[in-house]
Protein chains: 2
Amino acid sequence: MGNMLLMPELALPPEAQSLADAVVKAVRHGVAAGELVPDVTYSVYQLADLLGISRSPVREGLLRLEEAGLIEIRRNRGFRVLPPQAHDIEEIIGIRLALEPPAARLAATLGTDDQHALIGATLAAMAAAASQDDENSFWPADRSLHDLLLRTSGRPRTATIIERLRTTTALLGPPTTASGRTLAQIHAEHEPIVTAVLARNGAAAEAAMRTHLEATAHLLVTNL
Amino acid sequence: MGNMLLMPELALPPEAQSLADAVVKAVRHGVAAGELVPDVTYSVYQLADLLGISRSPVREGLLRLEEAGLIEIRRNRGFRVLPPQAHDIEEIIGIRLALEPPAARLAATLGTDDQHALIGATLAAMAAAASQDDENSFWPADRSLHDLLLRTSGRPRTATIIERLRTTTALLGPPTTASGRTLAQIHAEHEPIVTAVLARNGAAAEAAMRTHLEATAHLLVTNL
DNA sequence: CCGGCATGAGTAACATGTTACCCATGAGCG
DNA sequence: CGCTCATGGGTAACATGTTACTCATGCCGG
């Protein structure tokens with residue numbers, strides 16, 4: 001039980017506002033970096049020791065991760081990482097295709113001018129990050145843009161759902177440039193969406209969002 | 001802070017398999033029964049005392065409820081109940097309409113015979129409960145049926161999402177018979193869905209599910 | 001050689017102790 | 001009379017102690 005030989009440098013991201021939050025990020029990073037591998041049983045004790053904090057926030061973070069489907073907690077045994085399967089990716093894309101295009105339509109028709117301005121600004125931020133090939137700025141902006149569109153459509157719960165699903169797909173390793181698109185190309189896919197939204201053209205916004213997601217789906221599936 | 005005058009009998013449901021789980025159920029029941037009201041700040045200490053357990057499972061349960069959007073936790077202040085708004089109901093129905101009909105189609109086309117048999121059995125359970133006007137059996141069966149259809153479609157994540165959303169709407173008080181439909185009527189709405197699924201007729205299953213959800217939506221909205 | 005069973009290590013779940021924080025209150029000053 | 005700010009109560013968040021469970025291991029009888 002619990003060989004625990006490796007499991008190198010797991011660090012606490014200092015930007016988290018609670019330790020439980022930090023644990024979530026640390027574990028996600030650890031999985032993405034291959035430091036935490038599937039089929040090995042870890043324990044709350046180990047992780048707490050490793051991170052230099054107590055078991056309470058570790059447990060809280062793990063419970064959240066379990067709900068997100070990233071890990072499985074086995075009573076009195078420990079927890080294991082459950083890597084997302086190809087099948088999961090397809091399901092997630094399916095959900096996003098069902099929810100985001102209609103929301104884009106609503107964002108176009110019933111968003112306020114202020115909200116539209118914010119959406120435009122976020123697209124500009126994506127453009128700036130893309131021009132500098134700065135992934136650290138680009139992906140958060142991408143995420144914000146989708147989130148903003150969802151919230152502008154008056155659907156906060158949908159936004160939360162999508163945000164959570166995105167978290168899962170992000171574990172496969174960010175859909176980096178290696179996936180086949182440059183940052184500039186991805187930015188270009190978003191532009192028609194935003195243009196349609198700002199023009200309050202609901203149908204066009206919905207179609208553009210669908211096109212974008214389908215392109216993403218194609219990449220994720222082939223790139224698995 | 002925390003007048004705490006009333007707040008009568010909150011009991012721990014014994015059928016929960018962890019105390020944190022029991023807390024979730026107790027709070028939901030308390031809200032539905034009007035024992036926990038919005039705009040009053042409660043604390044983990046109070047609730048733990050009241051339930052006769054320690055603060056740890058209470059905290060865990062509250063964190064889950066916060067994630068579900070039922071309560072708001074204010075750091076170092078306590079938590080308040082956030083009752084679902086009419087607007088939330090509309091959003092939830094919208095999500096279900098986007099996700100469940102396509103899933104019903106898939107359940108029809110690619111479910112195994114075993115899965116279909118289970119679905120049929122669940123519908124029979126609904127029928128039995130309806131004939132005896134037994135809400136305590138009926139609603140769980142209704143829930144199971146929707147869940148089974150989702151899982152049969154090969155979409156466990158979608159099933160989890162819907163299950164969680166249903167939990168939220170259930171807080172308004174179960175859509176009781178008072179909502180305008182008898183249990184028999186609700187059962188009757190499900191029958192064409194199951195019939196289509198068992199016949200492996202995807203299009204019909206999708207349409208039937210859509211019809212059912214639209215009827216539900218109409219009731220929930222007018223009955224608010 | 002094999003299958004039931006005691007045993008013990010390791011753990012999640014729960015209980016309790018501690019800390020640092022937020023904010024309402026009200027006294028003191030302008 | 002209004003404004004600032006010290007103060008203290010109450011809290012979430014975190015740390016640590018305790019309990020009861022799960023399961024692998026190995027002994028023993030068949």
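Order of the sequence lines sets the chain letters (A, B, ...), proteins ahead of strands, with each chain counted from 1. Hydrogens, waters and symmetry mates play no part in the numbers below; they use all other heavy atoms, side chains included.
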Let me know the distance between [atom1] of [X] and [atom2] of [N], rounded to the nearest Å.
{"X": "B/Ile73", "N": "C/dC21", "atom1": "CD1", "atom2": "C1'", "result": "16 Å"}
{"X": "A/Arg75", "N": "D/dT19", "atom1": "CZ", "atom2": "P", "result": "16 Å"}
{"X": "B/Leu62", "N": "C/dC14", "atom1": "CG", "atom2": "P", "result": "14 Å"}
{"X": "B/Gln17", "N": "C/dC14", "atom1": "CD", "atom2": "C1'", "result": "15 Å"}
{"X": "B/Asn76", "N": "C/dC21", "atom1": "CG", "atom2": "P", "result": "9 Å"}
{"X": "B/Asp21", "N": "C/dA12", "atom1": "CG", "atom2": "P", "result": "18 Å"}
{"X": "B/Asp49", "N": "D/dT11", "atom1": "CG", "atom2": "P", "result": "11 Å"}
{"X": "A/Tyr42", "N": "C/dG10", "atom1": "OH", "atom2": "P", "result": "18 Å"}

Neighbours of DNA chain D within residues 54-61 of chain A, by heavy-atom distance under 4.0 Å | A/Ser54, A/Arg55, A/Ser56, A/Pro57
Those residues that, when tested against B/Glu90, pass side-chain hydrogen bond (donor to acceptor under 3.5 Å, both in side chains) (two or more places apart) = none
Only counting residues at least two apart or in another chain, list the ones meeting side-chain hydrogen bond (donor to acceptor under 3.5 Å, both in side chains) with B/Ser137.
-> B/Asp134
Which residues pass the salt bridge (charged side-chain N to carboxylate O under 4.0 Å, His left out) test with [X], sequence neighbours left out?
{"X": "A/Arg55", "value": "none"}
{"X": "B/Asp113", "value": "B/Arg200"}
{"X": "A/Glu66", "value": "none"}

The answer to which of A/Tyr45 and B/Tyr45 contacts DNA chain C further toward the 5' end, by nearest nucleotide, is A/Tyr45
For D/dT11, does OP1 or OP2 lie under 4.0 Å from any side-chain N or O of B/Gln46?
-> yes
Step by step, work out the salt bridge (charged side-chain N to carboxylate O under 4.0 Å, His left out) result for A/Glu67 and A/Arg164.
-> CA-CA 10 Å; A/Glu67 194 150 312; A/Arg164 213 172 286 165; 5.1 Å; no
Hey, can you pull the donor-acceptor pairs under 3.5 Å for the side chains in residues 97-107 of chain B, sequence neighbours left out?
unit_1   : atom_1 : unit_2   : atom_2 : d
B/Glu100 : OE1    : B/His146 : ND1    : 2.9
B/Glu100 : OE2    : B/Arg96  : NE     : 2.6
B/Glu100 : OE2    : B/Arg96  : NH2    : 3.0
B/Arg105 : NE     : B/Glu206 : OE1    : 2.4
B/Arg105 : NH2    : B/Glu206 : OE1    : 2.9

Here the salt bridge (Lys or Arg N to Asp or Glu O under 4.0 Å) pairs for residues 16-27 of chain B, sequence neighbours left out, are B/Asp21-B/Arg64
For the helix from C/dC1-D/dG30 to C/dG30-D/dC1, how many degrees between its two end axes (five pairs per end), to the nearest 10°?
-> 0°
